[in-house]
Amino acid sequence: MSRFLTVGAAQMGPIQKTDSRESVVNRLVALMAQAKARGCELVVFPELTLTTFFPRWFVKDLTEADHWYETAMPSPVTQPLFDFARSMGIGFSLGYAELTEPDANGLRHRYNTQILVERDGTVVGKYRKVHIPGHEEHEPDRPFQHAERYYFELSPEGFHVWKAFGGRMGMMICNDRRWPETYRTMGLKGVEMILCGYNTPLHYAPDPGQNVLQGFHNSLVMQAGAYQNGTWVVGVAKAGVEEGVDSLGQSCIIAPSGQIVAQTISNDDELIMARCDLDWCKKYKETLFDFDRYRSPEFYTAITAQRGVVLED
Ligand code: CDV
């Protein structure tokens with residue numbers, strides 16, 4: 001049996017501070033039109049698609065950063081993207097900074113969020129980032145900040161898998177892709193395709209020795225996660241030099257075998273695509289990675305019982 005889903009990874013080139021949301025949405029619509037013309041049923045955009053990667057700057061008063069967040073989705077500025085997608089009958093996944101309405105305690109929350117929108121325009125899934133990297137405080141010695149832990153709260157919901165696009169779809173955001181627990185949690189829910197947007201600066205301040213390995217680590221983790229869980233993975237970058245900071249491209253679509261079946265070659269707006277057989281997942285889920293037959297969860301309790309390392313004597 002075959003269950004094909006034609007997916008596009010719509011890499012974005014840089015978005016500068018002065019670029020308007022309207023201009024970004026125009027670029028997204030252009031990529032979506034291209035995706036539709038090439039037969040895609042679903043197109044995936046990067047993490048924080050609508051703006052420059054603002055956690056590279058620190059502001060003392062968090063509310064000064066409110067203008068980077070979306071308070072509704074669709075919003076007036078993103079409505080044309082939703083309208084175009086519905087008129088074309090194409091689905092999409094979009095990353096953005098979310099600022100919620102006040103909760104019962106009057107508190108508004110900030111999340112690094114990605115949504116999944118079906119071909120009829122319905123938002124079928126919302127995921128908020130779990131593994132938030134970087135730092136909470138201003139670190140003036142860095143050439144640029146990575147203050148995601150100041151700007152975003154941890155997801156209150158964790159990982160989910162949604163029945164959509166004829167399969168079981170999951171989402172993760174950027175740094176989530178480096179953690180095996182991300183894939184396995186969704187793998188245990190039968191995920192068949194994981195959609196992931198990312199912003200990965202080439203310079204890694206805590207250990208610049210890793211700078212030259214960014215591309216290697218990017219594909220290493222996503223290929224391993226795909227293979228070990230028998231799932232497709234679609235990784236989509238915001239790439240190139242944004243406000244002086246160079247970020248990794250190398251967006252890719254990875255098969256359940258762990259093989260890369262498509263990869264971008266530029267650091268600009270660029271669409272790659274693949275016709276993915278979701279039934280191909282079974283080749284791995286029902287053989288080497290038949291979880292029910294081969295996993296030994298009785299030996300994995302430390303994974304959820306503790307956060308950090310506990311040394312054994
Ligand atoms: N936006 C991200 O989550 N970036 C991270 C950090 C570590 C650079 C990443 O994993 O690429």
Side-chain angles (χ1 to χ4, degrees), residues 9 11-15 17 24 44-58 65 68-70 93-98 110-115 127-139 141-155 158-159 170-183 194-226 233-252 254 263-264 267:
Q11 178 176 285
M12 299 287 292
I15 297 171
K17 203 173 187 174
V24 174
V44 185
F45 296 113
E47 175 190 32
L48 303 178
T49 309
L50 298 168
T51 65
T52 197
F53 189 76
F54 64 87
R56 74 168 64 91
W57 296 291
F58 198 85
W68 296 118
Y69 295 78
E70 311 301 316
S93 184
L94 179 78
Y96 62 97
E98 177 191 4
R110 294 172 165 77
Y111 299 111
N112 189 336
T113 299
Q114 188 172 327
I115 49 168
Y127 167 70
R128 291 158 169 163
K129 190 170 182 174
V130 167
H131 298 100
I132 303 184
H135 46 103
E136 291 85 354
E137 312 280 342
H138 189 214
E139 296 192 4
D141 290 342
R142 289 176 179 247
F144 55 89
Q145 303 294 295
H146 196 108
E148 274 195 69
R149 294 179 72 85
Y150 177 64
Y151 286 111
F152 299 116
E153 290 173 48
L154 192 88
S155 167
F159 298 103
M171 290 184 273
M172 61 182 177
I173 301 177
C174 196
N175 183 51
D176 286 323
R177 77 197 191 286
R178 301 185 193 271
W179 298 85
E181 294 87 347
T182 299
Y183 305 85
I194 302 177
L195 315 175
C196 176
Y198 61 89
N199 282 266
T200 298
L202 294 183
H203 178 69
Y204 183 62
D207 176 18
Q210 294 180 31
N211 295 1
V212 293
L213 300 172
Q214 292 291 2
F216 168 65
H217 289 155
N218 183 52
S219 48
L220 175 73
V221 291
M222 291 195 288
Q223 289 182 262
V233 172
V234 182
V236 189
K238 179 134 67 59
V241 184
E242 209 179 70
E243 298 293 338
V245 177
D246 201 359
S247 288
L248 183 73
Q250 299 185 17
S251 303
C252 52
I254 300 162
Q263 188 165 33
T264 55
N267 281 339

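Indexing begins at 1, ligand by ligand and atom by atom, following the structure's order. Values below: every heavy atom of this structure, side chains too, minus hydrogens, waters and symmetry copies.
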(Q) Just so I know, are the side chains of Q114 and P46 near enough to count as touching, which here means a heavy-atom distance under 4.5 Å? (A) no
Q. With a 3.5 Å cut-off and no angle check, do the side chains of Q11 and T264 form a donor-acceptor pair?
A.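 Yes, T264 and Q11 have a side-chain donor paired with an acceptor closer than 3.5 Å.
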Q.
Per the salt bridge (charged side-chain N to carboxylate O under 4.0 Å, His left out) rule, what does the pair list look like for residues 45-55, sequence neighbours excluded?
A.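 Found E47-K129.
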Q. Ring centroid separation for H146 and F53, is it under 6.0 angstrom?
A.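 Yes, the ring centres sit under 6.0 Å apart.
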Q | Pair F45 and Y96, ring centroids less than 6.0 Å apart | A | no
Q. So, E243 and R56, do they make that salt bridge, N to O below 4.0 Å?
A. no
**Q.** Contact residues of ligand 1 (heavy atom under 4.0 Å), by chain and number
**A.**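 Ligand 1 pocket, heavy atoms under 4.0 Å: E47, F53, K129, P133, H146, E148, C174, N175, R177, R178, N199, T200, P201.
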